[in-house]
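First comes the structure, then the notes that go with it.
FYI, side chains are in, hydrogens and waters are out, and symmetry mates aren't considered; it's all heavy atoms of this structure. Order of the sequence lines fixes the chain letters, A, B, ..., with proteins taken first and strands second; residue numbering starts at 1 for each chain.
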Amino acid sequence: MTPMHPAVPWLVPITVMVAPAYAVEYLAVEQAQTVLFAQANTFVPQIVTLSDQQRDDIKERSGVRQRTATQQMWRAQRDGELLGWLVVDEVIGKHEFITYATAISPTGSVLGVEIMSYRETHGDQIRDASWRAEFVGKTLSDPLRLGKDVPNISGATLSCRNVLDGVKRLLVIHDMVLRDG
Amino acid sequence: MAEVRRMRPLLGTYVEIGAIGAGASVQCAVNEAFSVIEEIHASLSFQDPGSELSRLNKKPGQWVSMSRTGLRALKLALVMGVASGERFNCAVGGQMVRWGTLPDHTGDERIAIGNAQDIEIRAGAARLRRAVLVTLDGIAKGFAVDRAIDMLIRYGVSSGWVNAGGDLRVYGDKRLEVMRREVDGSLQPLGLLHNGAMASSYTGGQGGNDLPGRIAGSATQSTDAGRVVSVIARSAWRADALTKVAAATAANEQSLLVSGLGGTVVTTGLYP
């Protein structure tokens, strides 16, 4: 049992505020490949092109609209043997824009999902004018730091439903066009 | 020193794990930390009819065997229930099912709101004394964060953090810059967190079902409606649980009560 401790203030106030929009790059494609298919030694790129009819079918079967006519993926192999598919996809939420990678087995089960990049914008909802001033100064002088000084967010929990719906859609695509390898 | 930062969709939200350390074992540690979170989710999920927790809920009056981890979470929930005078209450699944916030797996009529005395624990097993439904949603995310941190430490990661949809903890040299997402979606800078945990919950009854404050679950209604309350503590499960305690407590009594239970309510000058 964790003993009750007297409260200690670990929270140090900061004066330099961060941007109201932020982005985190978690994994590049090669890193996502390594994380999700550690055993693979070859990734063969492939672009699946979907007809209008197929896109309608995807909507029908997954409940999620297929926004694009093409879908980028890689065939993960070890010495020529198919280990599965890595699909890179994007979903858009209320404030979020998320790129994620899904690993799908040859038989169509999800092997893993990793967020590759996460962007969130709150441009019109900043309360404090001085904070906005910091943001402007910071972006002009050092725009690349925007993605590095990324805050961790506490508060009202964001649902990951967008990504889970996206994965559902990718499984339908797998079933329609990739199942036979 | 390498810094690894990864994110996965888990626990119904996005879970980020950061780890700073030397060597290839850092990636491995992060993988294992994610696995621990997945296991805890599978074991403590109310939604999943096959989880350990659902097996316990299915059979009031009977001893149901549970894993060490499951029992540990249950025990923490019960201790916090007693210590907080039932402001934290894990025996409110019946009420949540009536509200439609949680699914009905049993089809039985259950007691809406029970208390910590309705749940009994012995070595390797737990039992419901009355026909309540237990939900551990009030501490599960924080509990999972703590176990993931344990895993990073076990792998020799010198500093790291885990953020499970806003329940977060950081250890080692890392100072984590924290902002809070308010009810209207705006972000509020809170400060730098160092060797500690923070959790936030929505308080007030107007939020959607996915807002965690809804599971405060006490008979006491909060008088402080429509804002986000954050608590810092040494461990994430405690911070998580104490946000529910704060949500079930009048605003002018929150700080004193929460500090008596090992946490600190985060107050900011910017928020009215």
Side-chain angles (χ1 to χ4, degrees), chain A residues 1-22 24-27 31-32 34-35 38 94-96 98 100 112-118 120 122 124-128 131 134 149-164 166-167, chain B residues 5-10 12-14 16 27 31 75-76 79 83 161 163 165-168 170 175-196 198-200 202 207 210-212 228 230 232-235 237-238 258-264 266 270:
Chain A
M1 187 56 48
T2 316
M4 300 277 183
H5 292 287
V8 179
W10 293 277
L11 200 61
V12 183
I14 43 171
T15 48
V16 177
M17 300 309 179
V18 294
Y22 72 95
V24 194
E25 302 299 326
Y26 289 99
L27 299 169
Q31 293 170 311
T34 311
V35 165
K94 194 172 167 197
H95 298 291
E96 326 86 79
I98 296 168
Y100 67 101
V113 181
E114 292 277 341
I115 307 299
M116 295 170 65
S117 80
Y118 183 101
E120 198 170 318
H122 297 266
D124 55 342
Q125 290 178 317
I126 303 308
R127 294 169 184 283
D128 185 22
W131 180 24
E134 285 287 352
D149 285 334
V150 178
N152 265 258
I153 310 285
S154 194
T157 307
L158 280 186
S159 163
C160 64
R161 196 173 304 145
N162 284 329
V163 167
L164 299 187
V167 171
Chain B
R5 186 171 181 162
R6 300 215 340 240
M7 191 191 248
R8 285 189 190 171
L10 288 174
T13 183
Y14 297 103
E16 182 184 85
Q27 281 287 5
N31 286 338
K75 197 183 281 183
L76 293 175
V79 167
W161 72 93
N163 183 352
D167 289 359
L168 54 97
V170 58
R175 280 167 168 74
L176 207 60
E177 194 170 323
V178 183
M179 300 180 85
R180 183 165 73 192
R181 185 179 293 106
E182 303 294 352
V183 177
D184 63 4
S186 67
L187 293 177
Q188 161 111 328
L190 293 184
L192 297 172
L193 190 65
H194 182 216
N195 274 320
M198 181 193 286
S200 299
Y202 180 79
D210 55 349
L211 291 166
V228 178
S230 303
I232 54 177
R234 283 187 192 279
S235 55
W237 81 265
R238 187 180 297 277
V258 166
S259 63
L261 294 169
T264 304
V266 177
L270 294 173

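- With sequence neighbours left out, A:Glu114 forms a side chain to side chain donor-acceptor pair (under 3.5 Å) with B:Arg6, B:Arg8.
- Looking at every heavy atom in both residues, A:Tyr118 comes nearest to B:Met7 through CD1-SD, 4.0 Å.
- Heavy atoms of A:Val35 lying under 4.5 Å from chain B belong exclusively to its side chain.
- Partner of B:Pro9 under the side chain to side chain contact (heavy atoms under 4.5 Å, CB included) criterion, chosen from A:Asn162, A:Val113, A:Ile98: A:Val113.
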